[in-house]
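To start, the structure under review is shown below, and the notes come after it.
The first residue of the sequence shown is numbered 1, and numbering continues consecutively from there.
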Amino acid sequence: MQNGREQFKPVRNVRYPDGVTVFLFAIVANLAAQLIVGVAAECGAVVTGNANFAKNDYFQLIAMLSLQLAFVAVPLVYYGVVKKATPCLRFGWKKPRPALSLAFLLPVLCIIGFMLPAFYFVTGLERIGYTLSEGVQLNTAGKWVLGVIAIVVIAPCVEEIIFRGFLLNGLIEHHSPVKAALLSALAFSLMHMNPEQTVYQFCLGFVCALATMASGNLLGGVIVHMFSNLLALLIDTPFGKPYNEAFAFLTKTPWGAVLTTVLAAAACGVAIWFVCAAIRKYSRPRQTPSHAVDLPDEKGEEPMSEENAQKAAAQKIAEKKTGRIMYIAGIGLCTVLWVFVFAAGMM
């Protein structure tokens with residue numbers, strides 16, 4: 001309280017440099033968390049006398065949660081401590097409209113259309129000598145509960161905040177919607193630093209971005225991400241048997257495999273585009289919230305002088321350069337670590 005009035009943090013639009021900076025710092029925070037997890041794994045191995053302590057399924061699931069915690073801490077610290085402002089996102093959490101229910105079709109189309117290309121990419125990695133990582137085995141009720149919390153609930157919400165809430169919000173300021181979606185998908189796929197996940201994560205990230213932009217709501221990307229992860233888990237259970245049998249039948253021969261892969265990806269890609277168009281048509285999201293605080297030249301109060309207009313133009317150019325440098329730094333860091341994991345898998 002000051003002078004009898006509560007002091008509120010100012011609302012600040014998330015601009016291009018802000019969104020990309022959150023992405024870069026999130027990657028750094030993720031790496032720091034991975035280092036801490038690695039130290040914890042070594043300590044656990046020493047204390048328990050189990051050299052495979054780090055491969056314990058419960059430990060891996062808890063490690064996943066800790067990495068997500070590192071992610072979500074970045075925007076909280078960046079805006080709560082550094083900027084001391086409330087971020088205003090173009091694609092934020094909003095009250096869902098009925099059209100958003102169409103987004104539930106998108107994860108199904110992702111699984112049908114993009115799992116086969118991802119599968120054959122992984123097969124290609126194996127053929128050149130790459131050793132696949134051992135995934136978490138959800139073979140008990142406790143592991144299923146923790147796995148659903150970590151993989152289906154927490155990870156989609158946190159990662160969508162970073163990659164569609166902040167990064168996409170910044171990218172779309174200086175790029176076309178499709179290019180911004182592609183750039184956010186590239187960052188999303190490389191962020192996992194896992195070669196065998198790259199193809200599907202890129203496709204999934206692109207669809208999440210399309211759903212978010214079409215609905216104007218971060219919930220669009222969360223729905224796609226969340227239910228795609230859930231379906232991916234169910235494929236390896238009895239619930240996924242019809243799906244696996246259908247594709248096994250369609251891919252019995254080399255020509256059948258090629259035809260099925262191409263047609264499924266093309267058909268689902270077209271269907272995804274039309275679903276997103278329908279969501280956009282019936283959602284009609286406003287591009288900028290009414291309470292957003294823009295730069296002085298965007299308030300429309302008085303025409304700017306020529307000098308102020310030149311300063312504003314120079315500021316936008318500087319923001320674009322800064323944003324590009326930060327994005328390249330983040331992508332470069334992810335790429336280096338991706339290559340490191342790939343090289344380790346080839347040994």
Side-chain angles (χ1 to χ4, degrees), residues 23-24 26-35 37-38 41 52 54-55 57 59-61 63-64 66-68 70-71 107 110-138 147 150-152 155-156 158-160 162-163 167 181-209 224-225 228-229 231-233 235-236 244 247 251 257-258 261-262 264-265 269 327-347:
F23 156 63
L24 175 59
I27 299 301
V28 175
N30 182 277
L31 294 176
Q34 288 188 42
L35 178 61
V37 168
N52 294 321
K55 296 181 179 180
D57 293 328
F59 178 82
Q60 291 191 37
L61 290 170
M64 289 181 191
S66 67
L67 298 181
Q68 298 303 323
F71 264 149
C110 284
I111 292 292
I112 295 175
F114 307 133
M115 270 296 189
L116 272 181
F119 170 76
Y120 287 119
F121 177 76
V122 173
T123 301
L125 290 177
E126 287 186 289
R127 289 184 176 178
I128 63 174
Y130 181 82
T131 302
L132 301 182
S133 59
E134 297 181 10
V136 176
Q137 299 299 316
L138 304 181
I151 300 171
V152 179
V158 172
E159 291 174 5
E160 290 307 305
I162 299 298
F163 290 92
L167 179 58
L182 289 171
L183 290 173
S184 72
L186 177 62
F188 177 69
S189 64
L190 290 176
M191 173 274 298
H192 289 84
M193 303 170 199
N194 189 337
E196 57 209 72
Q197 295 181 1
T198 303
V199 170
Y200 186 76
Q201 295 292 3
F202 176 81
C203 297
L204 175 63
F206 183 64
V207 176
C208 287
V224 177
H225 196 162
S228 174
N229 284 7
L231 292 173
L233 290 180
I235 283 178
D236 294 328
N244 293 323
F247 277 106
T251 58
V258 172
T261 302
V262 173
Y327 178 82
I328 292 174
I331 287 292
L333 183 58
C334 291
T335 302
V336 168
L337 293 165
W338 187 99
V339 172
F340 177 80
V341 174
F342 175 79
M346 294 294 294
M347 293 179 179

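Checked against Ser228 for a side-chain contact (heavy atoms from CB on, under 4.5 Å), the options Pro156, Pro107, Cys203 give a single hit: Pro107.
Residues Asn30 and Phe71 meet the side-chain proximity criterion, which asks for heavy atoms closer than 4.5 Å. Side-chain contact between Asn194 and Gln201: absent, with no pair of heavy atoms (C-beta onward) separated by less than 4.5 Å. A 4.5 Å side-chain heavy-atom check between Leu182 and Phe202 finds at least one atom pair inside the cut-off. Annotation: side chain of Ile128 is in contact with side chain of Met346 (closest heavy-atom distance under 4.5 Å). Side-chain contact between Tyr120 and Val258: absent, with no pair of heavy atoms (C-beta onward) separated by less than 4.5 Å. No side-chain heavy atom of Val136 sits less than 4.5 Å from a side-chain heavy atom of Phe59. Met191 is listed as a side-chain neighbour of Phe163, based on a closest heavy-atom distance under 4.5 Å.
Remark: aromatic rings of His225 and Phe188 are close, center separation under 6.0 Å.
With hydrogens and angles disregarded, no donor-acceptor distance shorter than 3.5 Å links the side chain of Asp57 to the backbone of Leu138.
Taken from CD in Gln60 to CD in Gln137, the straight-line distance is 9.5 Å, to the nearest 0.5 Å. Between the CG atom of Leu204 and the CD1 atom of Ile111 there is a distance of 8.0 Å, given to the nearest 0.5 Å. Put simply, CG on Leu337 and CG on Leu190 are 10.5 Å apart, with the number rounded to the nearest 0.5 Å. Taking CZ from Phe206 and SG from Cys110, the interatomic distance works out to 10.5 Å, rounded to the nearest 0.5 Å. Rounding to the nearest 0.5 Å gives a distance of 8.0 Å between CD1 of Ile27 and CD1 of Ile331.
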Practice problem: Under the side chain to side chain contact (heavy atoms under 4.5 Å, CB included) rule, what do Leu333 and Val28 come out as? Steps first, then yes or no, please. | Solution: CA-CA 9 Å; Leu333 183 58; Val28 175; 4.3 Å; yes

Exercise. Applying side chain to side chain contact (heavy atoms under 4.5 Å, CB included), run through Met193 and Phe340 and close with a yes or a no.
Key: CA-CA 9 Å; Met193 303 170 199; Phe340 177 80; over 6 Å; no

Exercise. Before giving the answer on side chain to side chain contact (heavy atoms under 4.5 Å, CB included), spell out for Thr261 and Phe119 the whole-Å C-alpha distance, their side-chain angles and the decisive distance to 0.1 Å.
Key: CA-CA 10 Å; Thr261 302; Phe119 170 76; over 6 Å; no

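The two residues Leu125 and Phe342 have their closest heavy-atom pair at CD2-CE1, 3.8 Å. Annotation for Pro195 and Trp338: closest pair CA-NE1, 3.3 Å, computed over non-hydrogen atoms. Contact record, Ala232 with Met115: CB-CE, 4.0 Å, taken as the closest heavy-atom pair. Between Leu167 and Ala187, the shortest heavy-atom contact is CD2-CB, 3.6 Å. Smallest separation of non-hydrogen atoms from Ile162 and Phe23: CG2-CA, 4.4 Å. Ala63 and Val37 make their closest contact through CB-CG1, 3.7 Å (heavy atoms, listed as atom of the first residue, atom of the second, distance).
In the model, Gln197 has no side-chain atom that pairs as donor or acceptor with a side-chain atom of His192 under 3.5 Å.
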